[in-house]
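In what follows, a structure is listed as structure tokens, so that the remarks can point back to it.
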Amino acid sequence: MAKKTVVVGMSGGVDSSVAALLLKEQGYNVIGLFMKNWDEKTENGCCTAQIDYEDVKRVCAKIDIPYYTVNFAKEYMENVFQYFLAAYKAGHTPNPDVLCNREIKFKHFKERAVALGADYIATGHYCNIAVKDGKNYLLKSKDRQKDQTYFLNQVTQRQLDNVLFPLGIYEKTQVRAIAQQYNLSTATKKDSTGICFIGERNFRKFLQNYLPAQPGKILNLQGQEVGEHIGLMYYTIGQRRGINLGGRKGDGEGRWFVVKKDINKNILYVSCGDESPLYSTVCSVKNMNWILEKPFAKQFDCTAKFRYRQEEQKVTITVQANDSIIITADEGQRAVTTGQYAVLYMDDICLGGGVITNILE
RNA sequence: UGGGGUGUCGCCAAGCGGUAAGGCACUGGAUUUUGAUUCCAGCAUUCGUAAGUUCGAAUCUUGCCACCCCAG
């Protein structure tokens, strides 16, 4: 039987390096594919993508696999970044990485991989996939701390065809150990953070390059003016830092938090000390993607995350239409934010997710 | 112009003769493939200013300055 070919998305980090290595060990014909989806230089003028690519080259040479590079900067700009900016303009807080998976990694990247002769594609995501009754199930990773199914909530059933996630059965520490054992140059490289392909940077300054600042008033929940904001899009619900509000006579010693944005009046609402206005139990969600292609009932209980790295919360789902639901949480949730994704789980299975549109109660 | 009050870090604010608490903000770091949150660390040789008393003053005295309130 001919060797199966796997194209691995390689970012230049440990995870994708080890993913490629493991597949090679498993006997696949492995090809590394590096994506460059962002052209800007970082503030210090040094292009991190270049450094990452160097690492990809080193790792591929080490494990002896061919590698290529592709540039989806245009697709990224059109299908991810424009949406990202539009959401901020509308007063929401988008999650570009969720879309990046659906629009770039599991779409353009996959198409290109197939064109290169791939039987499968693989990434260094921490998650698992299982096929049962002809359906792809997206499952949480063994390392619950690193589980990345949250970011894959918009990926469709078809997009999961012929996908491998070799890291899903490992702990992060094991992955690093494997990299060390094989002497990969990325073994001790720091985990990347920040928006995928754009990287860690001063978020405010970054946004300022694209969205004009429109200063306005900051009011407390009693309607008193307590300060001035530099532009609503630079703040998100639940945020504390960057509001620049210190002690105010009679307001006690609490921290200030953003609790609401009025995009029409250009007003930022804040609360001092008291975080109770941030808590809610019911929200509406649209653009619901069911990885198994449909909800299994009109109403059901499951768990949900309202942001990455949040512990799962017990919730009840009420299906409105196929792609819109109402989520009612058993307990109050802090700072549920429009534009973010609510992702549903049932035990190990990631059911999918959608965009939070309204906080109802 | 009389009478009273207040001036301590960007903002609140302790201190009341023994050698500058705390909170918020801010900065840096940790955590983190979104944005946040959280955590840890740093952050006034100086107390409106000038002089005096004292072994020693932000704390007492006096002058000056600024602001606030009441009266005119």
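Per chain, numbering begins at 1; letters A, B, ... match sequence-line order.
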Axial cation check for A:Y182 ring with A:K62, 6.0 Å and 45° limits: no

Pairwise P distance for B:C9 and B:U59, with rounding to whole Å: 15 Å

P atoms of B:U1 and B:C64, separation to the nearest Å: 12 Å

Interface polar pairs with nucleotides 27-31 of chain B, N/O, under 3.5 angstrom:
unit_1 : atom_1 : unit_2 : atom_2 : d
B:U27  : O4     : A:R241 : NH2    : 2.7

Check: A:Q333/A:Q310 side-chain N/O donor and acceptor closer than 3.5 Å: yes

For A:D52, salt bridge (charged side-chain N to carboxylate O under 4.0 Å, His left out) partners two or more places apart: A:K189

Under-4.0 Å side-chain N/O to phosphate OP1/OP2 contact, A:R240 with B:U37: no

Minimum-distance nucleotide to A:R334 side chain [options: B:C24, B:G35, B:U37]: B:U37

Touch class at under 4.0 angstrom, heavy-atom based, for A:F151 against every strand present: base

Counterpart base for B:A58, defined by Watson-Crick or G-U wobble contacts under 3.5 Å: none

Whole angstrom value for the distance that separates P of B:A36 from CD of A:E275: 17 Å

Which residues share a side chain to side chain donor-acceptor pair (under 3.5 Å) with A:N289, sequence neighbours left out: none

C1' spacing across the pair B:C68 / B:G18, given as an integer number of angstrom: 33 Å

Taking only distance into account, with no hydrogens and no angle test, what donor-acceptor pairs under 3.5 Å do side-chain atoms of residues 352-361 of chain A form with protein atoms, sequence neighbours excluded?
unit_1 : atom_1 : unit_2 : atom_2 : d
A:T357 : OG1    : A:S284 : O      : 3.1
A:T357 : OG1    : A:S284 : OG     : 2.9

Spacing between A:W38 atom CH2 and B:U34 atom P, to the nearest angstrom: 16 Å

Euclidean distance for C1', B:A20 against B:U53 (whole angstrom): 22 Å

Ring geometry between A:H229 and A:Y235 (parallel below 30°, tilted from 30 to 60°, perpendicular above 60°): perpendicular

Touch class at under 4.0 angstrom, heavy-atom based, for A:S11 against every strand present: nothing

A:Q224-A:N220 side chain donor-acceptor pair, cut-off 3.5 Å: yes

Sugar-phosphate, base or nothing in reach of A:R307, heavy atoms under 4.0 Å: base

Pairing residues for A:R240 by the salt bridge (charged side-chain N to carboxylate O under 4.0 Å, His left out) criterion, not counting sequence neighbours: none

Partners passing side chain to side chain donor-acceptor pair (under 3.5 Å) against A:D143 (at least two apart in sequence or in another chain): none

Charged tip of A:R307 within 45° of A:Y150 ring normal and under 6.0 Å: no

B:A13 versus B:A44 - spacing of their C1' atoms, nearest Å: 14 Å

A:F306 CZ to B:U32 P, straight-line distance once rounded to whole Å: 23 Å

Whole-Å gap separating P (B:A36) and OH (A:Y279): 19 Å

Between B:U34 (C1') and A:Q148 (CD): distance, integer Å: 12 Å

Whole-Å distance separating the CD1 atom of A:I243 from the P atom of B:G23: 18 Å

Sugar-phosphate, base or nothing in reach of A:F257, heavy atoms under 4.0 Å: sugar-phosphate

Pairs touching residues 5-17 of chain A that satisfy salt bridge (Lys or Arg N to Asp or Glu O under 4.0 Å), sequence neighbours left out: A:D15-A:K172

Distance, C1' atom - from B:U45 to B:G2, rounded to whole angstrom: 41 Å

Euclidean distance, atom CD of residue A:Q310 to atom P of B:U37 [Å, nearest integer]: 15 Å

Those residues of residues 345-361 of chain A lying under 4.0 Å from RNA chain B by at least one heavy atom: none

Counterpart residues, side chain to side chain donor-acceptor pair (under 3.5 Å), relative to A:D301 (two or more places apart): A:T316

B:C55 and B:U27, which share atom name P, separated by this distance in whole Å: 47 Å

Base paired to B:G72 (Watson-Crick or G-U; both N/O distances under 3.5 angstrom): none

Side-chain donor/acceptor of A:Q239 to base of B:U37, under 3.5 Å: no

Touch class at under 4.0 angstrom, heavy-atom based, for A:K105 against every strand present: base

Residues within residues 78-99 of chain A bordering RNA chain B, heavy-atom distance below 4.0 Å: A:Y88, A:T93, A:P94, A:N95, A:P96, A:D97

Partner set under salt bridge (charged side-chain N to carboxylate O under 4.0 Å, His left out) for A:K57, not counting sequence neighbours: A:E54

Sequence neighbours excluded, every pair satisfying salt bridge (Lys or Arg N to Asp or Glu O under 4.0 Å) that has a member inside residues 273-284 of chain A: A:E275-A:R334

Complementary nucleotide of B:U6, counting Watson-Crick and G-U pairs under 3.5 Å: B:A66

C1'-based separation of B:G42 from B:A25 [nearest Å]: 14 Å

Distance in angstrom units between A:L211 CG and B:G35 C1', rounded: 13 Å

Under-4.0 Å side-chain N/O to phosphate OP1/OP2 contact, A:Y308 with B:U33: yes

